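The next block holds one structure in the form of structure tokens; read it before the comments.
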Amino acid sequence: MRFATKAIHAGQKPDPTTGAVMTPIYQTSTYWQKSPGENQGYEYSRGTNPTRTALENCLAALENGKYGLAFSSGMGATDAVMKLLRPGDEVITGNDLYGGSYRMFTQLYAHYGIKFHFVDFTDPENIVPFINENTKQIWLETPSNPTLQVFDIEAVAKIAKAHQLLFTVDSTFASPYLQNPLNLGADIVMHSATKYLGGHSDVIMGALIMNDEKLYKDLFFIYNATGATPGPQDCFLVLRGIKTLQLRMRAHCDNTRTVAASLMYHPKIEKLYWPGLYENANYQVAKKQMRDFGGMISFTIKGASLEETMRVASAFKLFTLAESLGGVESLVNHPVTMTHASIPKAERDKAGVTDNLLRLSVGIEDIEDLLEDLKQALGVYKM
Ligand SMILES: *Cc1c(COP(=O)(O)O)cnc(C)c1O
């Protein structure tokens with residue numbers, strides 16, 4: 001099956017008892033056992049639930065993986081991978097990371113004796129000097145957030161394999177439509193399904209997809225033992241969202257391409273961050289590993305102070321000023337005061353997350369309306 005067909009059918013067949021075409025919401029915590037231990041594959045919904053199973057199988061198919069696990073949030077999924085570590089272990093990760101991941105690594109796992117190295121993955125060889133006998137994992141986010149850098153998954157996977165390191169890719173910004181890290185050698189793909197997979201800003205969920213059976217069993221143990229698993233309503237919503245993933249992603253990419261063209265030579269724009277920029281160092285990598293350039297774009301406003309940038313962010317009428325991304329509606333975000341506020345200023349500046357940076361999640365509205373709104377919002381700033 002090809003992508004859109006899998007999105008609609010994988011893991012899902014008509015309900016055997018009623019013939020219902022859509023996977024029912026199995027709103028149940030427990031399951032009948034004919035005799036103790038003799039059940040029909042389900043015992044208790046923290047561990048497994050039929051609506052969730054359908055979603056997990058669909059997610060696995062979309063990433064060309066064998067196993068999928070759905071979590072109650074993206075952070076829940078990330079947390080499960082970190083729980084594979086033991087005190088003294090070390091992790092190499094990017095210096096341009098989702099704020100919540102940075103917070104979890106530095107304010108939670110660092111206290112359990114895990115050491116994190118925040119490294120620039122632009123040249124994958126940069127990570128080699130950080131590898132030692134305690135190194136266990138590589139955690140890479142691509143495209144990154146909010147400066148949309150694209151890192152070479154295949155090259156990092158080669159290094160991970162050579163040193164026997166577990167390699168996870170946070171592929172949230174790409175969605176399974178734009179890239180499939182397992183095909184490029186990653187061990188685990190992580191998604192915040194809250195974003196493009198759900199696609200309608202109405203659910204919080206995370207996912208892990210992998211091929212290795214032992215890894216799946218270890219992660220399933222953590223998932224069931226700690227219980228950050230989603231309820232059936234949420235699984236239904238994501239299963240439903242996924243059915244239009246291909247259509248939505250194409251529209252996101254097309255609208256973003258047009259937004260990029262309108263900002264490229266704009267006199268008030270200092271720096272544009274979008275993987276499809278020809279002169280961009282990431283363009284070649286993006287061409288190689290992604291199907292298109294995605295629905296996210298960031299830019300800095302030339303000479304704008306923190307206050308002036310916040311004024312522009314507040315002036316949007318159609319782009320909603322809000323955290324998050326990947327829904328059908330367009331959003332604008334000021335990373336420094338919103339999504340990346342938990343990262344210290346020195347770290348932020350190093351990663352290009354400056355006071356005058358705005359990030360757009362370009363939705364699938366009519367492009368003319370989006371361009372008009374962008375124009376009027378930038379109009380409130382007088383250079
Ligand atoms: C949102 C997000 C997360 C966290 O996911 P939640 O569903 O909010 O817990 C992790 N990584 C990236 C890149 C994200 O955008």
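Each ligand, and each atom within it, is numbered from 1 in the order the structure gives. No experiment lies behind these values; they were computed from the predicted model shown.
Under the side chain to side chain contact (heavy atoms under 4.5 Å, CB included) criterion, K34 pairs with W32, E38, not counting sequence neighbours.
For the pair S201/E329, a side-chain contact is recorded, criterion being any heavy-atom separation below 4.5 Å from C-beta on.
Taking the six-membered ring wherever Trp is involved, the centroid distance between the rings of F299 and H266 does not fall below 6.0 Å.
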Check ligand 1 for N or O atoms under 3.5 Å from a protein N or O and list each pair with its distance.
| from | atom 1 | to | atom 2 | distance (Å) |
| --- | --- | --- | --- | --- |
| ligand 1 | 5 (O) | S192 | OG | 3.0 |
| ligand 1 | 7 (O) | G74 | N | 2.9 |
| ligand 1 | 7 (O) | S192 | OG | 2.8 |
| ligand 1 | 7 (O) | T194 | OG1 | 2.6 |
| ligand 1 | 9 (O) | G74 | N | 2.9 |
| ligand 1 | 9 (O) | M75 | N | 2.9 |
| ligand 1 | 11 (N) | D170 | OD2 | 2.7 |
| ligand 1 | 15 (O) | K195 | NZ | 2.7 |

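The closest side-chain donor-acceptor pair between N64 and K6 falls under 3.5 angstrom.
Summarising the local packing, CZ of R257 is surrounded by more than 12 heavy atoms from other residues, nucleotides or ligands at distances under 6.0 Å.
When F116, Y112, Y98 are each tested for a ring-ring contact (aromatic ring centres under 6.0 Å, His included) with F105, only one passes: F116.
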